[in-house]
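Counting begins at 1 with the first residue of the sequence.
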Amino acid sequence: LLYVTALFGVAWAGDRYVSQAQWARATPLIYPLSLAVYCTSWTFFGSVGLSATTGYSFIPVYIGPVLMMTLGLPLLMRIVRIAKSQNVTSVADFIASRYGKSSALGAVVTIVAVIGTLPYIALQLKAIAVSFTIVTGASADATASASGAHSSTALLITLGLFAFAVLFGTRHVDATEHQRGLM
C-alpha cells in the first residue's frame, strides 16, 4: 500500500508541478521506461515459461520492440507528428483520421484493439494478483482453493488501476496542447 501510495504521489506531483521545460527533458526517458514496463510481467509469466518449453523462440518478442525503438524511430516520429497535426490521441482515431475520419472504421479498430489487448491485460492483472499474494505471505494453496480471494484481489487491483488511469491518464492532452500553443 505504501508503494502504491508513493506511485499516486509521484503522479500527482508530476501532474501538478512539472513544467513544460522539465517535461521536455524527461521525454527521452519515456521509451526506455515503456520498454521496461513491457518486460515486467510478460517476462516473468510469459517468456520464462516459453523459453523453458520452446528454447530460444521467445527472443523475437524482445527483438521487435528493440528494433522499433532504434531503427524504427523515424517512423515513430512521423506517426507522432501526424497524430499531433490531426489532434488524435488513440490508435483508432489515428487510423480513422487517415481514412477520412470514418467513425465506423474507428469503432472497428477500437473493437479489434480491445480484443487484442484483453489477454495481455488479463496477464498483467494475474501477475499483480499473484505477486500481491506472494508479498503478503498468503499461501498459494489458500488462494487456489478460495478462488474468491484471488478474484477479489484482482478486482481491487483493477479498481485501483482504473482510478489511477482516470486521475492521471490522458485527461490533460487537450489542455497540454492548448498550453503549448500559447507559449
*Asks:* Tell me whether Leu105 is reachable from Ile82 by hopping between hydrophobic residues (I, L, V, M, F, W, Y) whose side-chain heavy atoms are closer than 4.5 Å.
*Replies:* yes
*Asks:* Under a 3.5 Å distance rule, please check whether Thr70 uses its side chain to pair with a backbone N or O of Leu67 as donor and acceptor.
*Replies:*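 Yes: the side chain of Thr70 pairs with the backbone of Leu67.
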*Asks:* Are Ile95 and Leu76 connected in a single hydrophobic cluster, I mean Ile/Leu/Val/Met/Phe/Trp/Tyr linked by side-chain heavy atoms less than 4.5 Å apart?
*Replies:* yes
*Asks:* Checking Ala92 now: which residues fulfil side-chain contact (heavy atoms from CB on, under 4.5 Å) with it, not counting sequence neighbours?
*Replies:*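 If we apply the side-chain contact (heavy atoms from CB on, under 4.5 Å) test to Ala92, skipping adjacent residues, the hits are Ser90, Val109, Thr110.
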*Asks:* If I take atom CG from residue Asn87 and atom OG from residue Ser97, how far apart are they, to the nearest 0.5 angstrom?
*Replies:* 10.0 Å
*Asks:* Of all the heavy-atom pairs spanning Pro119 and Ile115, show the shortest one and how long it is.
*Replies:*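 Residues Pro119 and Ile115, closest heavy atoms: CD-O, 3.3 Å.
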*Asks:* Are Tyr99 and Val108 linked, directly or through intermediate hydrophobic residues, by side-chain heavy-atom contacts shorter than 4.5 Å (ILVMFWY only)?
*Replies:*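 They do not share one cluster, since no chain of ILVMFWY contacts under 4.5 Å joins Val108 to Tyr99.
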*Asks:* Phe164: what forms a ring pair (Phe, Tyr, Trp, His ring centres under 6.0 Å) with it, not counting sequence neighbours?
*Replies:* Phe8, Phe168
*Asks:* Flag yes if Met68 and Val91 sit in one hydrophobic cluster, no otherwise; membership is Ile, Leu, Val, Met, Phe, Trp, Tyr, and two members link when side-chain heavy atoms are under 4.5 Å apart.
*Replies:* yes
*Asks:* Could you point out which residue of Ile121, Val166, Leu125 forms a side chain to side chain contact (heavy atoms under 4.5 Å, CB included) with Leu161?
*Replies:*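 Among the candidates, only Leu125 passes.
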*Asks:* Check for me, please, whether Tyr120 and Leu118 land in the same ILVMFWY cluster - side-chain distances under 4.5 Å, paths through other members count.
*Replies:* no
*Asks:* Report the distance from atom NZ of Lys101 to atom CD of Gln86, rounding to the nearest 0.5 Å.
*Replies:*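 Between Lys101 NZ and Gln86 CD, I get 5.0 Å after rounding to 0.5 Å.
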*Asks:* Rounded to the nearest 0.5 Å, what separation is found between the CD1 atom of Ile79 and the NZ atom of Lys84?
*Replies:*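 Here the rounded value is 13.5 Å.
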